[in-house]
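Below is one structure; the comments refer to it alone.
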Amino acid sequence: MKKAKISFIEAAMQFKQVTIVVVALLLLLGLYSLLNMPRAENPKIDMPTAMVYAFYPGADEVQMEKQVTNKIEQYLFSFEEVNKEKTKSQTKDGQVFITVELHTSIKDRKKFWSTLQHGLNSAAPQILPQGVIGPVVNSNFGDVTAQIITVSSPQRSYAEIEKYLDKIEDGLKTIPEVSKINRSGGQKQQLYVTIDDQKMQQYGFDLSTIIRTLQMQNITGYSGEMTIASNTFPVFTNSRYKTADDLGNQIIYTTPQGTVVRLRDVARIERRYEEPASFIRIGEDKVMMLAIEMQPGNNIVQFGHLVEDRLKALGQELPPDVKIKTIVNQPEVVGESIRHFMKEFGLAIASVIIVVMLLLPFRVAAVSSLAAPISILITFGLINIMGIELHQVTLAALIIVLGMVVDNAIVVVDNYIEKLDEGITPWTAAWQAAKQLSLPIFTATLAIIFAFAPLALFMHGISKDFIAALPVTVAVALITSMAVALLLTPYTCYVFIKKGLKHKVSTAKKSKSLLDRLQHGFNIAAEAAFSYPRTTVGIAVAAVIIAVVLAGKVKQEFFPLSESKQFNAEIWMANGTSLEETERVVKLVEQALQKDKRVTGIASFVGSSSPVLT
C-alpha cells in the first residue's frame with residue numbers, strides 16, 4: 001500500500017522541533033531589530049527640488065538675464081527629468097537663482113542632482129562668460145539637522161570661541177554616524193590697510209603700485225618641475241601672506257636713491273572683524289553653533305547618546321566660562337515619539353487580548369492571542385532586513401493591521417474546537433482545521449494587501465516617499481500572520497486545547513456567558529434581516545449614501561501634523577533695514593515669548609535663518 005502524502009501543515013506539526021526553532025530564531029531577530037533598527041520620526045524624503053545659483057560680479061540685470069540666466073535655463077531644459085512648467089528663475093544685478101523641480105516619476109533624485117552638477121561644471125566654460133562664479137546646485141533641502149550645539153561665552157571673543165569650536169568639531173567628526181557638521185554664527189576677521197597719502201607721495205608712487213604688488217605676491221604659482229627617476233612632479237611655491245607682519249614687511253617700492261619702502265612705512269595695518277551681516281544670540285552671550293546631521297540608515301536615538309557622551313568628555317577640557325548647550329535635540333524628540341507610539345501599540349495589543357479573553361475560555365483565548373505578538377515581533381525583523389526604518393508610518397501600519405493579525409489565528413482555533421466537538425482526535429483536528437481554512441485565509445490576506453498596494457504603486461513624488469513603507473509593512477505583517485496561523489497555531493491548539501466547548505452537556509441550567517449572549521443577539525438580528533429583505537437592503541444603501549456625503553465634508557490632509565518642542569518664529573523686515581534695527585525688533589519678540597512660562601529657551605538668528613529641524 002502507498003503511504004498517504006502528508007500536507008505541509010501536518011508536516012509542520014510532525015516536525016515540531018524545526019517549526020519551534022525557526023519561530024524562536026525569527027523572534028530573536030525581531031527583538032534585536034526592535035532594539036537596534038534605524039529609527040526616525042518620519043521617513044527619509046529626497047526632495048525633487050533644488051536651487052541652481054550663479055554670480056557674475058559687475059553685470060547688471062539685463063546682462064545677467066541674457067548671458068547667464070538664459071544659458072543656464074537652456075541647459076537645464078535639455079534634461080527630460082526637469083519639469084519646465086515649475087522651474088522658475090529670479091535674476092538680479094550680478095546674481096541669478098533658479099528653482100528647479102523634477103517630474104514626480106523620477107526615482108533616484110540624488111543621482112540626477114549629482115549628474116546635473118557635473119554637467120554644469122563641464123558646460124559652464126563653453127556657455128557662460130568668463131568671471132561667472134558657479135553655477136552651483138544646492139539640493140540639500142531634504143537634509144534634516146539631528147542636533148544643534150551652541151558654544152557661548154560672556155567674555156570671550158569670537159576668535160577664541162572659534163578655537164574651542166574647532167576642538168569640539170574635531171571630536172565629533174570621529175563618530176562614524178556623523179554625516180555633516182555645519183557651523184554658523186562666526187564673524188570673519190580681516191586685515192584692514194589704511195594708506196597714508198602724504199607718505200606715499202613723499203616716496204613718489206601711487207596706490208596702483210601697492211595694489212599691483214599685492215596682487216602679484218599673494219598667490220600660489222607654478223615654479224617648475226622636479227624629476228625623480230622616471231617620474232616628473234610639478235612644483236608650486238606659496239607666497240601667500242600668513243600674518244599681518246608678513247603683509248607689513250612686503251616691499252612695495254624702491255626709490256631711485258635705493259631706499260626700500262615696505263607697506264608698513266606708508267600704511268597702518270590692523271586685524272579686526274568685518275561689519276557683521278548676521279549673528280546668533282542666546283541672551284547676551286556671543287554664540288557660535290554646530291548643526292550636526294546623521295548618516296542615513298542609523299538609529300537616531302543611539303546617535304544622540306553617542307553625541308552627548310562625546311560632548312561631556314569634550315566639555316571637561318574647556319574653560320568654565322565656555323558653555324556647550326544642545327538647543328535642538330532631534331534624537332530626544334524621536335525617542336519620545338517612538339515611546340509614545342510603542343505605548344499605544346502595546347495598549348492596542350493588550351486591548352485585543354483582553355477582548356478575546358472576555359469572549360472565549362482562557363485556553364482558547366490564550367492560543368488565539370499568542371499569534372499577535374509573535375507575528376508583530378517577526379515583522380520587525382523582516383522589515384529591518386528589507387531596509388525599512390522604524391518611524392511613525394511603519395508603526396501606524398502595524399496598528400492598522402493588528403486586528404487582522406489576530407483574526408487569522410482565531411478562525412483556525414474556532415474551526416479546531418468545532419472539530420473536537422465533532423469527535424475528531426486533537427491531532428487530526430489541528431491540521432485539518434488549518435488546511436480547510438488555508439485558501440480563505442490566503443484570499444482574505446491577499447485582498448487586504450491589494451487594498452493598500454495602490455499607495456505604493458500609483459503614488460509619486462514626496463507623497464510616495466512618505467507613505468511607501470505603509471503598504472509594505474502591512475503586507476509583511478499579514479503574510480507573517482498567515483504563516484503563524486497555518487503553521488504554528490495548529491500545534492499550539494493540539495498542545496493546549498484537548499477538549500471542545502461542548503464536551504460536557506449538563507442537564508442543569510447553565511448560566512449564559514457573554515459570548516452566548518452576543519451570539520443570541522446576532523441570531524435575532526440575522527433572522528430579522530432575512531424576514532424583511534427590502535428594509536435591510538434599503539438601510540444598507542442609505543448607509544452608503546450617508547457615508548459618501550459625510551466623507552466629502554471631512555477635511556483631508558495627507559501629511560500628519562508633527563508635534564515638536566521647538567518652533568520657528570520668522571521676522572521679515574523691509575529691504576535695507578539695518579542689522580541693529582532688526583536686532584531691536586527681535587529682542588521685542590523675545591521679551592513677549594519669555595512671558596510664557598512654557599518657553600524654556602530662545603535662540604535668535606539675526607540676519608540669517610535657522611537650520612532645517614523637521
Side-chain angles (χ1 to χ4, degrees), residues 6-39 299 302 338 342 345-346 348-350 352-354 356-357 360 362-390 394-395 397-399 401-413 415-416 426-435 437-438 441-442 445 472-498:
I6 64 174
S7 66
F8 192 73
I9 296 173
E10 188 177 4
M13 293 179 58
Q14 186 172 345
F15 302 100
K16 56 184 180 298
Q17 296 87 348
V18 177
T19 304
I20 293 173
V21 169
V22 170
V23 172
L25 291 176
L26 290 174
L27 288 174
L28 290 175
L29 173 65
L31 182 61
Y32 173 82
S33 300
L34 179 59
L35 297 176
N36 299 285
M37 68 188 298
R39 59 189 67 194
N299 187 328
Q302 294 180 356
I338 296 295
M342 293 303 293
F345 185 62
I349 292 180
V352 171
I353 294 175
I354 291 172
V356 175
M357 292 286 187
L360 297 173
F362 177 78
R363 290 197 176 193
V364 177
V367 172
S368 302
S369 304
L370 187 64
I374 291 177
S375 300
I376 296 300
L377 199 57
I378 293 176
T379 300
F380 280 121
L382 296 179
I383 62 174
N384 185 34
I385 293 175
M386 297 170 65
I388 298 176
E389 297 183 350
L390 185 63
T394 51
L395 289 172
L398 293 175
I399 293 176
V401 300
L402 187 58
M404 310 172 197
V405 166
V406 180
D407 284 344
N408 290 336
I410 288 179
V411 295
V412 171
V413 175
N415 196 25
Y416 169 74
W427 179 271
T428 305
W431 68 265
Q432 284 187 353
K435 184 179 180 181
L437 295 175
S438 58
I441 290 176
F442 175 76
T445 300
V472 176
T473 305
V474 168
V476 172
L478 290 176
I479 293 173
T480 302
S481 168
M482 181 180 65
V484 170
L486 296 179
L487 302 177
L488 180 64
T489 302
Y491 181 71
T492 55
C493 287
Y494 168 74
V495 172
F496 296 105
I497 305 174
K498 298 296 186 180

Checklist entry - Which residues satisfy the side-chain hydrogen bond (donor to acceptor under 3.5 Å, both in side chains) test with T19, sequence neighbours excluded? => result none
Checklist entry - Please walk me through it: do V474 and M404 pass side-chain contact (heavy atoms from CB on, under 4.5 Å)? => result CA-CA 10 Å; V474 168; M404 310 172 197; 5.8 Å; no
For residues 486-498, run the donor-acceptor check on the side chains, cut-off 3.5 Å, and write out each pair with its distance to 0.1 Å, sequence neighbours left out.
from, atom 1, to, atom 2, distance (Å)
T489, OG1, V484, O, 3.3
T492, OG1, T489, O, 2.7
K498, NZ, Y494, O, 2.8

Checklist entry - When rounded to the nearest 0.5 angstrom, what distance separates OG1 in T428 from CE in M13? => result 8.5 Å
Item to check | D407: partners by side-chain hydrogen bond (donor to acceptor under 3.5 Å, both in side chains), with sequence neighbours left out | outcome: none
Checklist outcome for this item: Interatomic distance, CG@L31 vs CG@L26, rounded to 0.5 Å, equals 12.5 Å
Checklist entry - Distance from M482 atom CE to L437 atom CG, nearest 0.5 Å? => result 13.0 Å
Checklist entry - At their closest point, which heavy atom of Q14 faces which heavy atom of Q17, and how far apart are they? => result O-OE1, 4.4 Å
Item to check | Value rounded to 0.5 Å, distance of CE in M37 from CG in L29 | outcome: 10.0 Å
Quiz: residues 372-381 side-chain donor-acceptor pairs under 3.5 angstrom, not counting sequence neighbours:
from, atom 1, to, atom 2, distance (Å)
S375, OG, A371, O, 2.7
T379, OG1, S375, O, 2.7

Next on the checklist: Nearest 0.5 Å, please: how far is CG in L390 from CG in N384?
Outcome noted: 9.0 Å
Checklist entry - Should V412 and N408 be marked as a side-chain contact (heavy atoms from CB on, under 4.5 Å) after you check the CA-CA gap, both sets of side-chain angles, and the distance that decides it? => result CA-CA 7 Å; V412 171; N408 290 336; 6.0 Å; no
Checklist entry - Which pair of non-hydrogen atoms, one from M386 and one from V472, has the smallest distance, and what is that distance? => result CE-CG1, 3.5 Å
Item to check | Smallest separation among heavy atoms of S368 and I410, with atom names | outcome: CB-CG1, 3.8 Å
Item to check | Donor-acceptor under 3.5 Å (T445 side chain, I441 main chain) | outcome: yes
